[in-house]
Protein chains: 2
Amino acid sequence: MLNQNPKFDLMFQALADPTRRAMIDRLSRGPASVSELAKPFDMSLPAVVQHLQALEASGLVSSQKVGRVRTCKIEPEALSQAEQWLNERRTLWVNRLDRLGEYLAATADEEEGK
Amino acid sequence: MLNQNPKFDLMFQALADPTRRAMIDRLSRGPASVSELAKPFDMSLPAVVQHLQALEASGLVSSQKVGRVRTCKIEPEALSQAEQWLNERRTLWVNRLDRLGEYLAATADEEEGK
DNA sequence: ATTTTGGTTAAGCATGGAATTAAGTAACAA
DNA sequence: TTGTTACTTAATTCCATGCTTAACCAAAAT
């Protein structure tokens with residue numbers, strides 16, 4: 001299916017939960033089955049699967065089932081899209097600050113040299 | 001107060017809402033008052049202020065009141081922290097993929113040369 | 001002094017999210 | 001073939017979120 005347009009609502013929503021961030025953290029170290037993913041959490045399996053669904057719906061994680069085990073992995077492109085959204089806004093702001101700094105410096109120079 | 005520890009729950013929660021992302025987008029172009037921020041939205045002022053509170057609680061935005069107008073601005077450090085969280089996990093995964101690629105390549109070479 | 005502007009507080013409502021338990025299915029193992 | 005493993009589905013509960021209106025307050029303008 002390879003849907004490429006970023007679903008920021010779902011992505012950031014998915015990232016807002018500590019359980020789901022822990023899952024991403026785990027998956028960043030390599031693929032895992034559902035029950036492997038569930039092991040660290042004091043939580044029913046259906047609860048874990050619901051978190052997983054949130055992660056998949058957002059595109060941050062994908063999975064495929066072989067036999068009876070579903071293996072999950074990170075989708076780095078999606079992570080990257082969220083990253084970029086933040087980066088663009090931040091650099092816009094920071095560059096604006098820089099230009100303001102230059103302007104103030106220039107103005108000060110003029111004052112000095114007048 | 002200058003609290004420096006990242007509140008990822010609140011940050012990503014704040015980012016999950018399109019109205020709040022639009023506000024950050026607006027603020028990336030420069031500071032704004034509450035009513036300036038509210039203008040683009042078809043929404044009551046209290047609703048906008050509640051969004052703003054979510055943004056401030058997360059640390060992504062700060063504001064200060066002078067006279068009766070409250071001026072809001074982006075906190076680039078907070079943006080950066082969220083960005084880094086994503087980046088660290090993504091690069092971990094990608095590097096792992098690279099090493100796996102190298103391993104497979106090396107194995108193929110051995111096969112070839114045996 | 002009165003009105004307008006810019007924002008705040010509070011109460012209430014509707015929807016959605018995180019968890020549970022219980023029951024079901026399908027693959028693999030003995 | 002019978003049991004165990006690895007999930008899946010469904011129903012339910014409970015709390016959080018996003019929004020509304022109404023009433024309020026204090027600074028600025030007239």
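Letters go in sequence order (proteins before strands), and every chain restarts at 1.
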(Q) Can you identify which nucleotide, out of dA18(C), dG6(C), dT20(D), has its nearest atom closest to the S35(B) side chain? (A) dG6(C)
Q: Measure from CG on D9(A) to P on dT17(D) and round the result to the nearest Å.
A: 16 Å
Q. Given dT21(D), dC7(D), dT8(C), which nucleotide is nearest the side-chain atoms of S44(B)?
A. dT21(D)
Q. Considering only side-chain heavy atoms of H51(B), which listed nucleotide, dC7(D), dT8(C), dC19(D), is closest?
A. dC19(D)
(Q) Among I74(A), V61(A), V48(A), exactly one meets side-chain contact (heavy atoms from CB on, under 4.5 Å) together with M23(A). Which residue is that? (A) V48(A)
Q: Among dA11(C), dA22(C), dG7(C), find the nucleotide with the atom closest to the side chain of Q50(B).
A: dA11(C)
Q | Spacing between D42(B) atom CG and dT20(D) atom C1', to the nearest angstrom | A | 12 Å
**Q.** Minimum-distance nucleotide (side-chain atoms of D17(B) versus dT8(C), dT8(D), dG18(D))
**A.** dG18(D)
Q: Return the value, rounded to whole Å, for the distance between atom CG of L52(B) and atom C1' of dC19(D).
A: 16 Å
Q: Mind checking the CH2-CG spacing from W85(A) to L79(B)? Nearest 0.5 Å is all I need.
A: 7.5 Å
(Q) On DNA chain C, compare the nucleotides closest to L45(A) and L45(B); which residue's is nearer the 5' end? (A) L45(B)
Q: Take atom NZ of K39(A) and atom P of dA6(D), then tell me their distance rounded to the nearest Å.
A: 8 Å
Q: Starting from P on dG17(C), measure out to CD on Q53(A) and report it in whole angstrom.
A: 12 Å
Q | Separation of dC19(D) P from R20(B) CZ (nearest whole Å) | A | 8 Å
Q: Check every atom of dC7(D), dA19(C), dT8(C) against the side chain of M43(A) and return the nucleotide holding the closest atom.
A: dA19(C)
Q. Between atom CE in M23(A) and atom P in dA18(C), what is the gap in whole Å?
A. 11 Å
**Q.** R68(A) (side chain) and dA27(C) (base): donor-acceptor pair under 3.5 Å
**A.** yes
Q. For the residue pair L86(A) and A82(B), what are the closest heavy atoms and their distance?
A. CD1-CB, 3.7 Å
Q | Residue among E83(A), E75(A), E77(A) satisfying salt bridge (Lys or Arg N to Asp or Glu O under 4.0 Å) with R90(B) | A | E83(A)
Q) Would one find a side-chain N or O of K65(A) under 4.0 angstrom from OP1 or OP2 of dT8(D)? A) yes
**Q.** For atom CZ of R70(B) and atom P of dA28(D), their distance in whole Å
**A.** 14 Å
Q.
Give me the atom names and distance for the closest heavy-atom approach of V69(B) to S33(B).
A. CG2-CB, 4.0 Å
